[in-house]
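Input: a single structure, listed below in structure tokens.
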Amino acid sequence: MALTMDWARLLRGELRLTIDILAGFLIGALIVRTGLADKALRRALPRLKRWGIGATLGAALTVSIGSSKAGAAVVASALDSGRISPRTAKWGTLLLAFPAYARRWVATMVLSCSLAGWAGAFFALTLLLRSAAKFALELFILNRGEHDDRPLEETAAGGETARRFGFKLLKTLPLAWFFYALAVLVVPWAEKYLQLWLRDSVFFPLPAMAVAAASFAHVSAALALAGGSLAAGELSTAQAVFALLFGNSLSLITRLVRTNAGYYFGFFPRAVAQSMLLWNVAASAALSLLTLALAALPLCL
């Protein structure tokens, strides 16, 4: 199967990624260095610290409701200035996915119900619970370690941090560019072959395989197919839910590479970024298998 490389799309994407990373660092540095995190969360800090969340992570979680990348930039700037440790940066950044997803989930739920009825509602609710379970696990692990969010005056001097920032970009930006290029050029190739494999599978009815394969393109396409198959009587509600979750789980790794790897490696040192990506893949895969097993129970009765 031949694939045409869209170099213009790749270059536009790399430029957007670079601007996002630079702007994110500037926003993060502004929040950290002006002490906005400490001032805005002063009253809530005693309660937050019981869960291992200091001023920096509290501010990052708040910012991540609008954009998880902006929240990650706050964490990266705090790590760069010596306010937090690599461990706190890792688990704090992983926590940011849930607030950002919870904001988008309302639209996902409405879309799912409108296109696939009860099957769509079960599917959307499962995705939310899966994301919440991952968030709770990461918060538990964060809280088990040392709470090391130091005050602003104890961190490194501005000029020294600025020099570190410049050297850091020289190291991290090439890795961010590489992973974005991997997503743009390689992921579509992998997705097309997986779709062919799904269509040739004999384990599920053909309509279910079509729903699962469509998940690679966009969730709305999969929901629309599921809704049509339900209306035509080709799938039961349980089969539709399983097919939607199956397609969502199969596209997990490609989705994580496309959405997370670029800015992980753009914001953080290689060891921290690699550890975050591996955890994200492992934890998400484990929770996906668990939800698939639960969704398969009605099919076995």
Side-chain angles (χ1 to χ4, degrees), residues 17 20-32 36-37 41 48-49 51-104 130-150 155 164-165 168-169 171-173 175-176 179-180 252-253 255-285 287:
L17 176 65
D20 284 346
I21 290 172
L22 292 173
F25 265 125
L26 292 174
I27 293 170
L30 178 66
I31 291 175
V32 170
L36 286 174
L41 298 169
L48 291 173
K49 285 184 176 178
W51 296 97
I53 298 173
T56 298
L57 294 189
L61 285 166
T62 303
V63 170
S64 70
I65 295 174
S67 168
S68 57
K69 290 182 181 179
V74 174
V75 177
S77 295
L79 174 62
D80 192 58
S81 65
R83 252 192 102 149
I84 59 176
S85 67
R87 180 188 182 277
T88 300
K90 171 187 171 180
W91 295 109
T93 302
L94 289 167
L95 288 174
L96 304 180
F98 180 68
Y101 180 72
R103 176 183 59 82
R104 300 192 307 270
R130 192 172 71 188
S131 182
K134 184 170 173 288
F135 176 83
L137 177 60
E138 290 160 353
L139 185 59
F140 173 77
I141 295 173
L142 172 68
N143 195 39
R144 298 287 291 178
E146 182 181 355
H147 302 175
D148 60 353
D149 196 340
R150 292 185 287 278
T155 59
R164 282 208 308 269
F165 169 73
K168 184 178 182 179
L169 283 180
K171 287 183 177 179
T172 59
L173 273 177
L175 284 168
F179 277 102
Y180 185 85
L252 169 72
I253 295 178
R255 192 168 62 249
L256 288 176
V257 170
R258 184 189 299 116
T259 58
N260 293 340
Y263 82 88
Y264 278 0
F265 284 90
F267 284 150
F268 297 97
R270 181 175 181 175
V272 175
Q274 183 176 339
S275 178
M276 285 194 294
L277 187 61
L278 290 174
W279 163 264
N280 228 342
V281 171
S284 298
L287 288 170

Test log, rule side-chain contact (heavy atoms from CB on, under 4.5 Å), inputs Leu278 and Gln274: CA-CA 6 Å; Leu278 290 174; Gln274 183 176 339; 4.1 Å; yes

Check against side-chain contact (heavy atoms from CB on, under 4.5 Å), Leu57 and Leu142: CA-CA 11 Å; Leu57 294 189; Leu142 172 68; 3.8 Å; yes

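Residues forming a side chain to side chain contact (heavy atoms under 4.5 Å, CB included) with Ala100 (at least two apart in sequence, or on another chain): Ser68, Arg104.
Side-chain contact between Thr93 and Phe267: absent, with no pair of heavy atoms (C-beta onward) separated by less than 4.5 Å.
Residue Phe98 comes nearest to Ser131 through the heavy atom pair CD1-OG, 3.2 Å, listed as atom of the first residue, atom of the second, then distance. Closest approach of Pro86 to Leu79, counting heavy atoms only: N-CD1, 3.7 Å. Among all heavy-atom pairs drawn from Leu96 and Gly71, the shortest one is CD1-C, 3.3 Å. Here the shortest heavy-atom pairing between Phe268 and Met276 reads CD1-CE, 3.4 Å. Across every non-hydrogen atom of Ser284 and Leu252, the tightest pair is CB-CD1, 3.4 Å. Across all their heavy atoms, Glu138 and Leu94 have their closest contact at OE1-O, 3.1 Å.
Among residue pairs with one or both ends in residues 66-97, those qualifying as ring-ring contact (aromatic ring centres under 6.0 Å, His included) are Trp91-Trp279; sequence neighbours excluded.
Dense packing is recorded around CZ of Arg103, with more than 12 heavy atoms of other residues, nucleotides or ligands lying under 6.0 Å away.
Side-chain N or O atoms of Thr62 include one that pairs as donor or acceptor with a backbone N or O of Gly58 at under 3.5 Å.
Between the CG atom in Leu137 and the NZ atom in Lys134 there is a gap of 8.5 Å [rounded to 0.5 Å].
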